[in-house]
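These notes are about the structure you will find just below.
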Amino acid sequence: MILEQNNSTIKKFRELLNAGLNQDHSYKLLNELIEEIKLHDQMYFNNDSPIISDAEYDELKRLFIDCASTYPKFYETANYIDNVGAHPSEKFAKVFHSVPMLSLSNIFKSSELLDFTNRINKFLSISNNSNIEFIAEPKIDGLSASLKYMDGKLIVASTRGDGIQGENVTQNILTLLGIPRLITHSDFPSVFEIRGEVYMCHDDFFKLNEKMILDGKPPYVNPRNTASGSLRQLDPEITRSRNLRFFAYAWGEVSSLPFNTHYEMIEAFKRWGFDTNPYTKICNSTEDLLQAYNDLNTNRSNLNYDIDGVVYKVNSLTLQDRLGYIARAPRWAIAHKFPAEKAISKILDIEIQVGRTGSLTPVAKLEPVTIGGVVVRNATLHNEGFISGIASNGELIREGIDIRISDTVTVIRAGDVIPRILDVDIKLRNENAKKFIFPSVCPICGSPAVREITTTNGKEGSIRRCTGGLLCESQILSKLELFVSRNAFDIDGFGKKTMNIFYQEGFVKKPDDIFTLKQRQKNNHINILSLEGWGELSLENLFSSIDEKRLISLDRFIYSLGIRYVGENNAKIIASHYIDVDSFIRHMEKLGEDDRIIFDDISDIDGIGTVVVLSLKEFFGEKSNLQIVKNLLQMLDITKSKSIISKESAIFGLKIVFTGTLKRMSRAEAKSRAESLGAKVLSTITSKVDILVSGEEAGSKEKKAIDLGVRIVNEDDWYDLISE
Ligand code: IVH
C-alpha cells in the first residue's frame with residue numbers, strides 16, 4: 001500500500017511523474033494509485049474509519065489529477081472517475097434541492113424594519129409589546145451553496161442554481177476551508193443539509209489580481225463574481241488555488257433539528273467544524289437590531305470580505321415554522337441592505353448601446369474611479385429623459401439639470417446593480433460643455449429610433465427604441481447572447497466574442513442555427529476551423545457543450561426566447577401554467593393568431609399582466625419567430641415544468657374559504673398554509689368552493705355554504721387536514 005509509508009511514498013510517486021513515465025510504467029503506477037484511493041474511499045465513506053488525514057487524501061487526489069492530465073488517454077479509459085477529480089461532464093450534473101433554496105426580501109430603510117416586525121406579530125396574532133427574539137447576522141456577498149451530509153459524510157454539494165436545481169460542485173467544495181468532510185459528533189443528525197455562503201477574502205482577491213496583471217491578463221471585477229467563477233471550475237485544483245471560504249448560516253433537508261433556536265443551530269455548526277460568522281448576534285428589540293446594523297455598517301470596511309447588509313431572522317425555530325414562506329422568501333427573515341457606495345468622477349464620453357428589445361441606452365464612459373474596492377469605468381445614464389433632466393411624465397429630474405460630456409458627477413454602485421450616475425455638479429461644469437443631443441436613429445442599423453407611446457397614459461415613453469427589429473444587428477446579437485447565457489441554455493464556450501464572430505461569419509444568424517452547427521460543419525457547409533483560434537479539440541468541445549444542452553426545462557426555454565417582459569420569473573409562471581411544451585406552443589400559436597379566448601386565459605394566470613400577454617402575442621404573431629421556435633422543438637428535448645408545491649397534500653388543488661375567528665392561527669397564517677399546500681383561498685362562497693373552514697362566530701358565509709352544499713369543516717378538522 002503506497003500510503004503505509006505515507007508522505008515519502010507520495011513524494012516518490014510525484015518524482016516519478018515529474019521525470020516522465022513511459023506508457024506501460026505509467027499505466028501500472030496509475031492503477032496502483034487508483035487502488036489506493038479506492039481503499040481510502042472505502043475506509044472513509046463505508047467504514048467510517050479513515051486511516052489517513054484529509055491532507056494526505058487531498059494530496060493523493062491531487063496526484064491522480066496531475067497524472068490524469070499528463071496521461072489523458074489513461075484518464076478516459078480509467079473506470080474510476082466518480083470520486084476522484086470528477087469527470088468534467090459529470091461535475092456539473094444537476095442536483096435537485098429537495099427543500100428549495102429561497103432568497104430573502106430586502107429592506108433599505110430603518111423605518112421598514114418596524115413593518116417587518118409588525119407583520120410578524122400580526123401573522124402570529126401576538127401583541128406588539130411582547131418581544132420576539134431575533135438574530136442579526138452579516139449578509140455575506142458571495143454565492144450560496146448546499147452541502148448534504150448522510151450519516152456524517154459529505155455526499156453532495158451544490159450551488160443554488162435557480163433555487164430548485166443547482167449544479168453538482170462536490171469535488172470543488174471539498175477544496176474549501178471551513179468544511180468538514182466527516183462529522184462524527186453524536187448530535188449531528190443522520191441527514192443534514194448545511195447551507196451557507198461561499199466567498200473570497202479581499203487578500204486573496206487582490207493577490208489573484210496582481211498575478212493576473214503580471215500574466216498580462218485582465219483583472220477580475222469583484223470578489224463575489226470571482227468566487228462564483230472559481231467554484232464552477234472544471235478542475236478542482238483551480239478552485240483550491242483560489243482559497244475560497246464558507247460561512248454556514250442555514251439548512252435545507254434535515255432528518256431532525258437537534259435545537260430549538262437559530263442561534264443554537266449556528267453554535268452547533270461551529271462545534272461540528274464549520275466556519276460561522278463571528279458577528280452573529282441575538283437581539284431582543286428593534287433597537288438592538290438597528291444597533292447591530294449600524295455597528296456592521298461602520299465596521300464593514302475593516303472586514304476582509306464583502307458584506308452587503310444585515311440579515312434579521314426570528315430566533316425560535318417553532319415560530320420560523322409557523323411563519324413559513326411568502327412567494328420565494330421566508331416571512332421570518334429579511335435582509336436590511338447597506339446604502340450604495342458613491343464616488344465622484346468625470347464623464348469622458350457618452351456611448352449609446354442598443355439592447356435586445358431595441359432600447360437605446362446611454363452609457364457614461366468615466367474617468368476610472370474605485371467604489372467599494374471595484375474600479376468603475378462605465379455607468380448607465382438610463383435613457384434620453386434622464387440625460388435631459390425631464391422624465392416622460394414631465395417631472396423634473398435633478399431639478400431639470402441636464403448631463404453633458406466633461407461634467408463632474410456622483411456615481412453610485414450597489415451590489416449587483418450596474419453603476420449609475422446619481423447627480424451632476426453644475427458648479428464644476430466646463431463652460432464649453434454642450435448639451436448632449438440624443439440620436440434619433442439607431443447607431444447600429446440606422447433605422448429611426450422613436451419614443452413609443454405608453455399604452456397606460458397615452459404619453460411618449462422615456463425610452464427611445466430602434467425600429468429596425470430583426471434588421472438591427474445589435475438586437476439580434478443580444479438576443480443570441482441571451483439565448484446561450486447562464487440562465488437560459490447555458491452553453492459553455494459560447495461567450496459574447498464567439499457569438500459575435502459566428503454571427504459576422506454567417507454561421508449563426510438565429511437561435512436554431514446553433515443546433516445545426518455540427519451537421520453543417522460535417523457537411524462542409526461552413527468551416528469553423530478556418531477561424532483563428534479554433535482547432536479540432538475546441539470545436540469538439542463546443543459541439544459537445546451544445547449537445548449537452550439539447551435537454552432543457554420549459555421555463556428556461558421560454559426565458560431563452562428573449563421575449564420582451566418575459567424574464568426568468570414570468571417564464572417560470574408561464575411554464576408552470578402550461579406544464580408541457582406542446583400545450584405551451586399550441587396556446588401561443590393561437591394567441592399569435594389573435595384568439596380572444598386564449599388571450600383572456602393567459603391574462604388570468606396569476607402574476608401575468610396584460611403587457612406580458614401583449615408582448616407574447618406580438619412575438620408569436622410574427623411568423624419568423626414561430627418558425628424558429630418550431631425548428632428548435634425539432635432539435636430539443638424540453639422537459640415538463642416542476643411544480644414547487646407538493647401534490648400529495650389533502651387539500652392540493654381545492655378552493656377554500658375561511659370564515660369566523662380561528663383560535664390557533666391568524667387568518668393570514670391559515671391562508672398561507674393552505675396556499676403552500678396547493679390550495680386556492682377565495683373570499684366568497686360559490687358552488688365552486690370545495691371547503692369552508694368555519695371558525696367561531698361564523699356568519700352568513702356558513703349559511704350560504706349549507707345552502708350550496710359546500711363541505712364545512714371546523715377549526716380542528718382543518719388542523720387534521722393540513723397535518724395529514
Ligand atoms: S439566509 C431562506 N443568511 O443572501 C433564506 N442568506 O438574498 C436563506 N446570504 O441566497 C438565506 N448571507 O446567498 C441568509 N446570513 C445570511 C446570508 C444570506 C448571505 C445570501 C444567500 C441568499 C441571499 C438572499
Side-chain angles (χ1 to χ4, degrees), residues 97-108 116 120 134-147 157-167 169 173 176 178 193-201 222-225 227-228 231-232 244-254 257 261-263 265-267 269-270 274-283 289 292-293 295-297 300 303 305-315 317 319-338 414-417 487 568-569 644 672 676:
H97 302 301
S98 47
V99 174
M101 289 183 80
L102 304 174
S103 54
L104 292 167
S105 312
N106 294 321
I107 57 171
F108 297 89
F116 169 66
I120 289 181
F134 286 93
I135 294 295
E137 55 189 30
K139 185 167 189 298
I140 316 296
D141 198 8
L143 67 146
S144 44
S146 189
L147 323 173
S158 53
T159 59
R160 178 178 185 277
D162 59 7
I164 310 254
Q165 205 182 41
E167 283 169 333
V169 286
I173 282 283
L176 264 64
E193 212 177 332
I194 295 259
R195 290 179 175 173
E197 203 83 352
V198 174
Y199 66 99
M200 191 179 221
C201 280
N222 61 40
R224 199 233 354 265
N225 290 359
S228 169
L231 188 65
R232 301 176 70 260
L244 300 182
R245 285 149 210 268
F246 179 79
F247 277 133
Y249 55 65
W251 54 94
E253 187 186 348
V254 291
L257 282 173
T261 64
H262 186 83
Y263 196 78
M265 291 295 291
I266 300 280
E267 285 189 319
F269 287 179
K270 206 152 95 190
F274 294 94
D275 278 355
T276 56
N277 192 284
Y279 298 99
T280 305
K281 269 190 72 181
I282 296 185
C283 298
L289 290 171
Y293 175 86
D295 290 349
L296 278 164
N297 196 14
R300 181 179 179 196
L303 297 179
Y305 46 87
D306 280 346
I307 62 175
D308 58 348
V310 179
V311 184
Y312 306 137
K313 297 175 178 172
V314 169
N315 197 19
L317 300 187
L319 291 185
Q320 282 191 7
D321 197 43
R322 281 183 58 193
L323 285 159
Y325 296 85
I326 184 159
R328 312 271 298 141
R331 224 182 242 106
W332 45 264
I334 205 144
H336 189 170
K337 302 293 280 279
F338 290 137
D416 245 357
V417 192
N487 298 334
E568 281 177 82
N569 203 26
I644 310 166
S672 109
S676 71

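Start at 1 and go down the list; that is how both ligands and their atoms are numbered.
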Taking side chain to side chain contact (heavy atoms under 4.5 Å, CB included) as the test, write out the residues that go with [X], two or more places apart.
{"X": "Phe108", "answer": "Asn106, Glu112, Lys337"}
{"X": "Thr261", "answer": "Tyr263, Glu264, Asn315"}
{"X": "Asp295", "answer": "Gln291"}

So CG of Leu289 and NZ of Lys281: to nearest 0.5 Å the spacing works out to 9.0 Å
Working to the nearest 0.5 angstrom, can you tell me the gap between Arg232 CZ and Glu167 CD? 4.0 Å
Ligand 1: protein residues within heavy-atom distance under 4.0 Å: Leu102, Ser103, Leu104, Glu137, Pro138, Lys139, Ile140, Ser144, Glu197, Tyr249, Val311, Lys313, Pro330
Plane angle bin for Tyr293 and Phe338 - parallel if under 30°, tilted between 30 and 60°, otherwise perpendicular: tilted
